[in-house]
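As structure tokens, the structure follows; a few thoughts come after it.
All of these numbers come straight from a predicted model, not from anything done at the bench.
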Amino acid sequence: ATAWKEMDDFHAVMRDTFHPYKDSTNLEPVKRRASELMTAADEWAYAELPGKVNNAEVKAKLRQLKSEAATLAESVKSSDDNVIAEHLTQLHDTFHEIQEAWYEGQ
């Protein structure tokens, strides 16, 4: 299977920020790296899509991911942990929907 570089780049940061929260409710990694998630989401949303995911549905999901990453980056500045956790979980869910579209398309 061909790699989708932007997905892998985003996943690397997502993995390192979501799992500490999921495993031990540790939000410090995402507080430190939310701007990286936002940058990775931006790059992914603007990148050329591989053929099998080059469709309106995936493009819409990537716009949603970009928007949710921006919301998360904003929320880590001032929101309470519950709000940050909610935004992180939403972003993670959206990421998985895009990832599933990629793997199902193989």
Side-chain angles (χ1 to χ4, degrees):
T2 342
W4 188 2
K5 182 188 180 302
E6 293 79 14
M7 181 178 76
D8 294 340
D9 291 349
F10 185 87
H11 189 205
V13 186
M14 174 54 82
R15 185 182 53 232
D16 291 348
T17 54
F18 184 73
H19 287 283
Y21 162 67
K22 186 172 167 250
D23 300 340
S24 56
T25 62
N26 177 5
L27 287 165
E28 286 314 308
V30 76
K31 288 178 181 178
R32 280 197 313 274
R33 300 186 68 186
S35 63
E36 280 180 68
L37 278 169
M38 186 172 71
T39 301
D42 283 356
E43 287 173 1
W44 193 6
Y46 291 117
E48 196 174 326
L49 298 183
K52 68 179 180 180
V53 285
N54 193 353
N55 59 57
E57 188 187 345
V58 172
K59 287 176 182 170
K61 287 278 177 211
L62 282 165
R63 282 194 300 275
Q64 183 182 338
L65 186 86
K66 182 178 173 307
S67 165
E68 289 172 0
T71 299
L72 175 63
E74 201 52 45
S75 73
V76 299
K77 295 177 188 171
S78 58
S79 301
D80 71 40
D81 285 358
N82 290 331
V83 173
I84 296 167
E86 195 179 303
H87 290 160
L88 176 61
T89 301
Q90 181 59 56
L91 184 66
H92 182 260
D93 290 348
T94 301
F95 165 70
H96 268 282
E97 289 170 15
I98 300 167
Q99 200 179 34
E100 280 163 26
W102 168 253
Y103 288 119
E104 284 168 10
Q106 304 239 2

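Within the model, atoms CD of Glu43 and NZ of Lys5 stand 7.0 Å from one another, a figure rounded to the nearest 0.5 Å. Note that CD of Glu86 and CG of Asp80 are 9.5 Å apart. Values are rounded to the nearest 0.5 Å. Here the NZ-CG distance, from Lys22 to Leu88, works out to 11.5 Å after rounding to the nearest 0.5 Å. Trp44 CH2 to Leu49 CG: the interatomic distance, rounded to the nearest 0.5 Å, is 9.5 Å. With values rounded to the nearest 0.5 angstrom, Ile98 atom CD1 is found 12.5 Å from Tyr103 atom OH. His92 contributes atom NE2, which lies 12.5 Å from atom CG of Leu72 (distance to the nearest 0.5 angstrom).
Residues passing the ring-ring contact (aromatic ring centres under 6.0 Å, His included) test with His87, sequence neighbours excluded: none. For Glu74, the side chain to side chain donor-acceptor pair (under 3.5 Å) partners at least two apart in sequence or on another chain are Lys77.
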### Task
Could you please spell out the steps behind the side chain to side chain contact (heavy atoms under 4.5 Å, CB included) verdict for Val30 and Leu37?
CA-CA 9 Å; Val30 76; Leu37 278 169; 4.1 Å; yes
### Task
Run the numbers on Asp93 and Thr89 for side chain to side chain contact (heavy atoms under 4.5 Å, CB included), then give the verdict.
CA-CA 6 Å; Asp93 290 348; Thr89 301; 4.1 Å; yes
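Note: the hydrophobic cluster containing Leu91 does not contain Met38 (ILVMFWY, side chain heavy atoms under 4.5 Å, direct or indirect links). Residues Met7 and Met14 share a hydrophobic cluster, clusters being chains of Ile/Leu/Val/Met/Phe/Trp/Tyr side chains in contact below 4.5 Å.
Checking each of Leu65, Asp42, Thr39, Leu62 against Phe10 for a side-chain contact (heavy atoms from CB on, under 4.5 Å) leaves exactly one that passes, namely Leu65. Lys31 pairs with exactly one of Asp81, Asn26, Thr17 by the side-chain hydrogen bond (donor to acceptor under 3.5 Å, both in side chains) rule, that one being Asp81.
One N or O on the side chain of Lys52 and one on the backbone of Trp102 form a donor-acceptor pair closer than 3.5 Å. Ser67 places no side-chain N or O within 3.5 Å of a backbone atom of Arg63 that could act as its donor or acceptor partner.
Atom CD of Glu97 has more than 12 heavy atoms from other residues, nucleotides or ligands within 6.0 Å.
Smallest separation of non-hydrogen atoms from Ile84 and Ser75: CG1-O, 3.7 Å. The two residues Ala34 and Ala73 have their closest heavy-atom pair at CB-CA, 3.8 Å.
Contact check on Asp8 versus Arg15 returns no salt bridge, with no Lys/Arg side-chain nitrogen under 4.0 Å from an Asp/Glu carboxylate oxygen.
Using a 4.5 Å heavy-atom threshold, the side chains of Glu6 and Glu48 count as separate.
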